[in-house]
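To keep things clear, I will list the structure first and then write my remarks on it.
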2 protein chains.
Amino acid sequence: MTGRRNPGERRRRMIEAACELIPEVGVNGLTHRLVAARAGVPLGATTYYFASLDDLVAAALARAAEVTEEGLGLWSEELERCADVPATLAALTADYLRERDRMVTWNELYAAAAHRPELRPLARLWLDGLTRSLSGYAGARAARAAAVFVDGALLYSLINDEPLDTESLERSLAALLGMDAA
Amino acid sequence: MTGRRNPGERRRRMIEAACELIPEVGVNGLTHRLVAARAGVPLGATTYYFASLDDLVAAALARAAEVTEEGLGLWSEELERCADVPATLAALTADYLRERDRMVTWNELYAAAAHRPELRPLARLWLDGLTRSLSGYAGARAARAAAVFVDGALLYSLINDEPLDTESLERSLAALLGMDAA
DNA sequence: CCAGAAGTAGTACATTCGTACATGTACAAG
DNA sequence: CTTGTACATGTACGAATGTACTACTTCTGG
């Protein structure tokens, strides 16, 4: 059923292969041949299913954004039923920062979006979504500030062997989310 | 005097050209020919002065880091003689965020460092330096948290047309820097 | 003045790339 | 069965790239 003749599956495999490759070689390191080899499809398939390499890259980044949005839904649920929002958010962030491939992929998306404006809405999904999730527990400014801090922590984890510890995250997020009260 | 025969000058010009090009085409978009054309030198000069393209890129990123470090010195001085640290830091950051080319270049460095560990010390200069500067006004944790937030704001400015406003920055930084007191 | 080193510049080459294309295969509709 | 259409695949090609190389010029130390 998932054999040769299966357009949807093939397309999905190539996007998945591209997603795997982005953390390894970067967005600009992607090539048709690399994706084809990883996906186990002939070179021609990559041009048959994607009008250009940019399209393939965009599809892969869109898929990565989709995965991130799913994760965001889980965060929302977790935050909703927890007692201590800053502590829970800190714990979620700490776990997240350990998934290095996701961090690298997301930063690649940021870098790509900096050069290609059409990718910016995609890049904004995470920060805007997190801000919206946090809006239930703090003012608009505080929610956005906390989201910005989480993104800063992402960047930090990229270039430091040890990401920020959970306690630092918790204290910082508590300070930011509570800043309207002060 | 700065005419044909002037090795130091030529090297400097090529590095400067590479720095100019990074915000335009990205680190991975750099080529010998692009740098040579921008610097106004023949192609051969780029391989005569740099063992490989990676060396050229590394030299350009090192130069960008040098410029950033100089800017950091100015921040330190400004913070030292000001009355309100969070407000001053917020104002400095707001100005900084408007220099889009610098933001893009710095994010390119982060992305490059994520893939090439030897660049990480370079990428850490800014965040570590800022943390050190702020250590005079808050605890180690708070100083680092504020620096991380500033980096988050950098990322935010990359993908949003309007960077964070000064007031948001000030409130957030005040909350983070004062979090030990709470 | 005169080697040899250092710098300059143009060109060549193997490789890799994105993409086009010709050919072949499977399958649904008539 | 025939035919048209979507899918599959191998190959080809022009363009661009990193780098090596050769010839030439300028400078420096003896």
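Numbered from 1 within each chain, the chains take letters A, B, ... in sequence-line order.
To the nearest angstrom, C1' of D:dT11 lies 10 Å from CG of A:L43. Rounded to an integer number of Å, the gap from A:N28 CG to D:dA16 P is 18 Å. The separation between B:M14 atom CE and C:dG7 atom P is 11 Å, rounded to whole Å. Between the CZ atom of B:F50 and the C1' atom of D:dA20 there is a distance of 18 Å, rounded to whole Å. Here the C1' atom of nucleotide D:dT25 and the CZ atom of B:R10 are 12 Å apart, to the nearest Å. What separates CG of B:D54 from C1' of D:dT17 is a distance of 14 Å, to the nearest Å.
Taking side-chain N and O atoms only, A:Y48 has no distance below 4.0 Å to OP1 or OP2 of D:dA8. The phosphate of C:dG7 (OP1 or OP2) has no side-chain N or O of B:Y49 nearer than 4.0 angstrom.
Side-chain polar atoms of B:D128 and B:T131 form no donor-acceptor pair below 3.5 angstrom.
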Between the protein and nucleotides 14-17 of chain C, list the N/O to N/O atom pairs that are separated by less than 3.5 angstrom.
none

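Residue-level contact check: B:A45 touches neither bases nor backbone, having no heavy atom under 4.0 Å from any strand.
No path of Ile, Leu, Val, Met, Phe, Trp and Tyr side chains, each step under 4.5 Å between heavy atoms, connects B:V35 with B:L43, placing them in separate hydrophobic clusters.
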Chi angles and distances behind the side-chain hydrogen bond (donor to acceptor under 3.5 Å, both in side chains) call for B:D151, B:Y110: CA-CA 11 Å; B:D151 259 20; B:Y110 277 118; 2.4 Å; yes

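Ion pairing between a basic and an acidic side chain is recognised when a charged N comes within 4.0 Å of a carboxylate O; B:R13 and B:E20 show no such pairing.
Residues A:E16 and A:C19 have side chains not in contact (no heavy-atom distance under 4.5 Å, counting atoms from C-beta outward).
The aromatic rings of B:W126 and B:W75 lie perpendicular to each other, with more than 60° between the two planes, well past the 30° mark.
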